[in-house]
Amino acid sequence: MAEVRVENVWKYYREEAGLEKRVEAVRNASFTCNDQEFLCLLGPSGCGKTSTLRMIAGLEKISKGDIIIGNQRVNNLPPKDRKIAMSFESYALYPPLTVYDNIAFPLQARKYPESKIKEKIKIVTDLLDIGDILSFRPAKLSGGEQQRVSLARALVREDALITLMDEPISHLDAQLKAKMRIDLKRFQREMELTVIYVTHDQLEALSMADKVVVMNLGEIQQIGTPDELYQQPANLFVAGFIGEPPMNFLPCTYIEESGSFFLKFLQSKFEVDTDLAHLLQAENGVNQKWLFGVRPGDIVIGREIEKSYCLEGRIYSIEPLGETSIVIVEVENQKIFVEVPGLPLEREGEVVKVYFSKAKSHIFNQTNGKALRI
Ligand SMILES: Nc1ncnc2c1ncn2[C@@H]1O[C@H](COP(=O)(O)OP(=O)(O)OP(=O)(O)O)[C@@H](O)[C@H]1O
């Protein structure tokens with residue numbers, strides 16, 4: 001079975017890179033990619049995604065911890081014995097070979113009959129829309145085409161237990177990327193592939209993955225389905241990294257006044273529900289500092305919505321985007337983004353009431369960034 005288990009894995013760079021100080025690229029990472037699952041490693045540049053993938057592939061030594069593929073611990077197994085197919089951002093195509101032969105290479109090396117090779121190449125090149133460049137050599141291809149050839153070479157491998165991909169569509173234009181996201185996902189389902197996919201692009205991760213592992217500064221921040229990460233981010237990093245435009249954060253203090261409980265902002269405050277008050281009370285007690293978080297789509301301007309908190313603001317600017325508009329409102333000396341359908345009725349400079357959905361609000365500890373489960 002093609003299950004991948006990453007158990008308490010660390011990666012330090014030092015000796016081999018001749019660095020003075022040790023770089024801890026991956027710190028104690030643990031996650032499981034189940035059989036036939038599409039798992040995305042997501043995070044900003046330098047967070048340790050590629051190092052993690054390269055350790056799974058066997059291209060990088062594991063400093064500490066274990067990687068298990070199927071039932072086998074592969075720490076000391078060379079890449080060729082790990083039954084993995086790979087597609088990396090840097091393509092790694094063979095310059096003297098045509099596109100066809102580049103894709104056919106792993107199959108020819110495994111002595112597949114030519115008719116079977118042709119059949120498989122037809123399926124993946126149709127999928128990736130590169131059927132008309134099969135006789136070209138890599139030097140003649142654009143970055144996007146080279147990337148698709150590299151991807152095709154990984155996808156033809158049906159003997160592979162797992163397919164690893166590192167930013168495999170990063171060099172394609174926006175339209176082709178959108179098509180690829182849909183086609184890749186469908187192909188993975190149909191071919192029942194087990195995929196570990198590295199990307200810094202949250203849209204790719206949210207649209208394709210069954211499970212997302214979010215990383216930052218070498219550490220896993222949260223593991224969950226796209227919906228879980230969006231609805232219940234575990235900390236400030238995940239909350240700010242996932243969602244576009246990003247979540248708004250307003251600093252506040254939890255206070256008590258005459259037996260009632262409030263979140264107090266710079267100038268104003270609102271009373272919190274008993275449930276939230278209990279949680280805040282249990283966590284830290286009064287006078288602690290928090291960040292109140294709410295996504296742009298969970299805010300309404302100028303019209304009271306049921307079960308909401310309210311603050312006052314002034315419209316700073318309006319960005320019409322066709323279907324929706326992004327309204328930037330100054331609230332408590334901070335600019336927040338509000339997503340509204342169509343065009344807003346309000347004008348720049350207008351003072352407005354801003355309503356935040358209670359059910360969609362988030363509270364984060366200002367010191368350690370952890371979310372409080374509301
Ligand atoms: N061979 C190496 N020698 C020394 N440091 C390295 C090496 N490879 C990666 N690093 C460092 O390890 C950290 C993690 O890098 P890694 O490439 O795994 O991150 P990433 O999330 O994949 O980033 P990117 O998306 O930019 O490739 C970074 O600080 C990087 O500079």
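For reference, positions follow the sequence shown, starting with 1. These numbers come from the heavy atoms of this one structure, side chains and all, not from hydrogens, waters or symmetry mates.
- The main-chain N or O of Gln146 is never found under 3.5 Å from a side-chain atom of Ser150 such that the two would form a donor-acceptor pair.
- Glu114 has no carboxylate O lying under 4.0 Å from a charged side-chain N of Lys118, or vice versa, which leaves the two without a salt bridge.
- You'll find the ring centres of Phe262 and Phe270 outside the 6.0 Å limit.
- Both tests do not hold together for Lys116 against Tyr112: distance to the six-membered ring centre under 6.0 Å, angle to the ring axis within 45°.
- Using cut-offs of 30° and 60° for the angle between ring planes, the Phe237 and Phe241 rings count as parallel.
- A salt bridge is defined here as a Lys NZ or Arg NE, NH1 or NH2 lying under 4.0 Å from an Asp or Glu carboxylate O, and Arg27 with Glu219 meets this definition.
- With a 4.5 Å cut-off on side-chain heavy atoms, Arg148 and Ser87 do not count as touching.
- Considering all non-hydrogen atoms of both residues, Leu97 and Asn102 come closest at O-ND2, 3.2 Å.
- In this structure, the side chain of Glu332 engages the main chain of Leu266 through a donor-acceptor pair within 3.5 Å.
- Between Lys122 and Asp126 a salt bridge is recorded (basic side-chain N to carboxylate O distance below 4.0 Å).
- When atom types are taken as modelled, the side chain of Arg22 and the backbone of Arg14 share no donor-acceptor pair closer than 3.5 angstrom.
- Electrostatic pairing of Lys185 and Asp210 counts as a salt bridge here, judged by a charged N lying under 4.0 Å from a carboxylate O.
- Applying the side-chain contact (heavy atoms from CB on, under 4.5 Å) test between Val354 and each of Val327, Val331, Val294 identifies Val331 as the sole match.
- Leu279 CG to Leu372 CG: the interatomic distance, rounded to the nearest 0.5 Å, is 5.0 Å.
- For the pair Lys269 and Glu257, the salt-bridge criterion is met [side-chain N within less than 4.0 Å of a carboxylate O].
- Shortest non-hydrogen contact noted between Arg303 and Tyr355 is O-CD1, 3.3 Å.
- Between Glu37 and Lys211, at least one side-chain nitrogen of the basic residue sits less than 4.0 Å from a carboxylate oxygen of the acidic one, meeting the salt-bridge criterion.
- Side-chain polar atoms of Gln36 and Thr194 form no donor-acceptor pair below 3.5 angstrom.
- Looking only at distances, a side-chain donor or acceptor of Glu228 sits under 3.5 Å from a matching main-chain atom of Thr225.
- Tested against Phe249 for a ring pair (Phe, Tyr, Trp, His ring centres under 6.0 Å), the candidates Phe292, Phe337, Phe364 yield a single pass: Phe364.
- Checked for salt-bridge contact, Glu60 and Lys11 meet the test: a charged N lies under 4.0 Å from a carboxylate O.
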